[in-house]
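Data block below; observations after.
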Amino acid sequence: MQNFEELAFEQTPMGELTLRRRFEPAADAEVFEVKLGDEYLMSSLFTVAEEALADLGLAAIDTPLAGEEWDVLVGGLGLGYTAVAALRDRRVRSLSVVDALPQVIHWHSRQLLPVSAELVDDTRTRLAHVDFFALMRGEPGALPDLPAAFHAILLDVDHTPSFPLAESHRDLYTADGLRRLARHLAPGGVFALWSDEVPEAGFLGTLAEVFVEVQGHIVPFANPITGRTSQNGVYVARTPR
């Protein structure tokens with residue numbers, strides 16, 4: 001096995017985007033990584049919290065909706081683990097996945113990543129080159145033919161609510177931005193957000209200004225690089241029914 005292979009390199013408005021595959025001796029495993037400039041965005045070595053984002057978000061949909069078929073929106077395609085985890089719930093009727101970087105969508109179309117086939121071969125999946133944050137603001141032309149409302153919106157783009165990848169994302173994490181997002185949710189629907197850090201009390205308070213039920217989950221996972229347990233966070237917030 002090659003120790004390192006660059007699978008894709010793209011110039012984007014946000015910087016140099018790189019997809020690479022390497023062998024990680026500490027895990028005795030093949031690892032896929034994405035870098036934006038000098039920043040590591042994601043790694044297939046650490047997917048527990050990305051999958052928990054889908055599991056926790058869908059589990060929080062209000063009980064009367066539990067017997068229905070659900071329309072789900074994922075903001076941020078990345079390596080695809082959140083989207084695939086959502087598809088494993090058979091109650092999901094449609095899965096719209098939006099990403100501001102068309103290169104990432106192209107990677108999955110070429111099936112370069114471990115879960116690409118499971119994602120793109122599922123007829124419920126729709127991948128779209130769309131800025132999630134513009135979509136939530138209601139900017140014209142963002143994405144046609146959306147469901148009238150989503151039962152869950154799952155977001156994994158920024159490092160944390162206070163550490164966004166771009167300044168243009170920052171307005172979403174205000175009470176007004178969250179109110180605009182909530183208009184895209186069905187009654188009893190859920191907004192769930194991944195964070196690289198454990199939940200922040202300040203952002204939990206901001207969520208509580210808009211949503212009726214708010215929870216911050218700490219998601220532990222084994223880190224073979226450090227030999228210790230690391231933690232991510234998942235915020236879950238539900239609209240009134």
Side-chain angles (χ1 to χ4, degrees), residues 7 18-36 39-61 70 72-92 95 97-99 104 107-108 111-120 122 125 127 132 152-165 190-201 203-204 207 214-238:
L7 300 177
T18 307
L19 172 65
R20 66 186 195 178
R21 177 173 56 197
R22 66 179 179 85
F23 181 74
E24 174 51 61
D28 191 26
E30 185 179 62
V31 175
F32 291 78
E33 296 173 326
V34 177
K35 289 184 66 179
L36 184 62
E39 288 190 79
Y40 283 91
L41 290 188
M42 58 201 75
S43 168
S44 63
L45 193 58
F46 309 114
T47 65
V48 172
E50 284 81 355
E51 295 174 86
L53 171 61
D55 295 340
L56 292 167
L58 297 184
I61 295 174
W70 299 338
V72 176
L73 173 65
V74 173
L77 172 55
L79 297 180
Y81 287 93
T82 296
V84 166
L87 287 170
R88 289 171 184 159
D89 191 318
R90 301 312 301 178
R91 291 168 293 186
V92 173
L95 183 77
V97 188
V98 300
D99 202 288
V104 176
W107 294 346
H108 284 281
Q111 300 197 5
L112 294 180
L113 291 152
V115 300
S116 293
E118 188 175 355
L119 177 66
V120 300
D122 195 306
T125 301
L127 306 181
F132 174 87
I153 295 176
L154 312 174
L155 178 60
D156 178 5
V157 172
D158 293 312
H159 299 298
T160 75
S162 57
F163 185 17
L165 282 176
V190 168
F191 169 55
L193 171 70
W194 175 90
S195 174
D196 190 44
E197 302 289 343
V198 300
E200 305 166 7
F203 187 62
L204 287 168
L207 285 167
V214 173
Q215 293 179 310
H217 299 270
I218 296 174
V219 182
F221 57 92
N223 187 331
I225 305 300
T226 64
R228 303 170 66 181
T229 298
S230 295
Q231 296 177 329
N232 287 162
V234 173
Y235 299 88
V236 178
R238 185 173 53 77

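Paired with Val72 under the rule side chain to side chain contact (heavy atoms under 4.5 Å, CB included), one option of Leu154, Ile153, Leu87, Val190 passes, and it is Leu154. Exactly one of Val97, Asp99, Leu77 qualifies for a side chain to side chain contact (heavy atoms under 4.5 Å, CB included) with His108. That residue is Leu77.
Looking at heavy atoms from C-beta onward, Val34 lies out of side-chain contact with Tyr40 at the 4.5 angstrom threshold. Counting only heavy atoms from C-beta outward, the side chains of Val115 and Phe32 never approach each other to under 4.5 Å. With contacts defined as side-chain heavy-atom distances shorter than 4.5 Å, the pair Leu119/Leu113 does not qualify. The shortest side-chain heavy-atom distance between Trp70 and Asp89 falls under the 4.5 Å cut-off. Under the 4.5 Å side-chain criterion, counting only non-hydrogen atoms from C-beta, Asp156 is not in contact with Tyr81.
Taking every heavy atom of both residues into account, Val92 and Ala86 meet most closely at CG2-O, 3.3 Å. Nearest heavy-atom pair across Val236 and Ala60 is CG1-CB, 3.5 Å. Taking every heavy atom of both residues into account, Ser43 and Val31 meet most closely at OG-CG1, 3.3 Å. The nearest pair of heavy atoms linking Thr47 to Ser44 is CG2-O, 3.5 Å. Smallest separation of non-hydrogen atoms from Ser116 and Trp107: OG-O, 4.3 Å.
Using modelled atom types, no side-chain atom of Asn223 and backbone atom of Thr229 make a donor-acceptor pair closer than 3.5 Å. Between the Thr160 side chain and the Ser195 main chain, no donor and acceptor come within less than 3.5 Å of each other. Remark: the backbone N or O of Pro199 is not paired with any side-chain donor or acceptor of His217 at under 3.5 angstrom. In this structure, Tyr235 contributes its side chain and Glu200 its backbone to a donor-acceptor pair below 3.5 Å.
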Practice problem: Could you give me the CA-CA distance, side-chain angles and deciding distance for Trp194 and Asp158, then say whether side chain to side chain contact (heavy atoms under 4.5 Å, CB included) is met? | Solution: CA-CA 8 Å; Trp194 175 90; Asp158 293 312; over 6 Å; no
Quiz item: Which is it for Phe132 and Leu73 under the side chain to side chain contact (heavy atoms under 4.5 Å, CB included) test, yes or no, and what are the steps along the way?
Solution: CA-CA 10 Å; Phe132 174 87; Leu73 173 65; 3.9 Å; yes
Quiz prompt | Full working for side chain to side chain contact (heavy atoms under 4.5 Å, CB included) between Glu51 and Arg88 | solution = CA-CA 10 Å; Glu51 295 174 86; Arg88 289 171 184 159; 3.6 Å; yes
Practice problem: With side chain to side chain contact (heavy atoms under 4.5 Å, CB included) as the test, would you mind laying out the steps for Leu53 and Val219 before giving the verdict? | Solution: CA-CA 9 Å; Leu53 171 61; Val219 182; over 6 Å; no
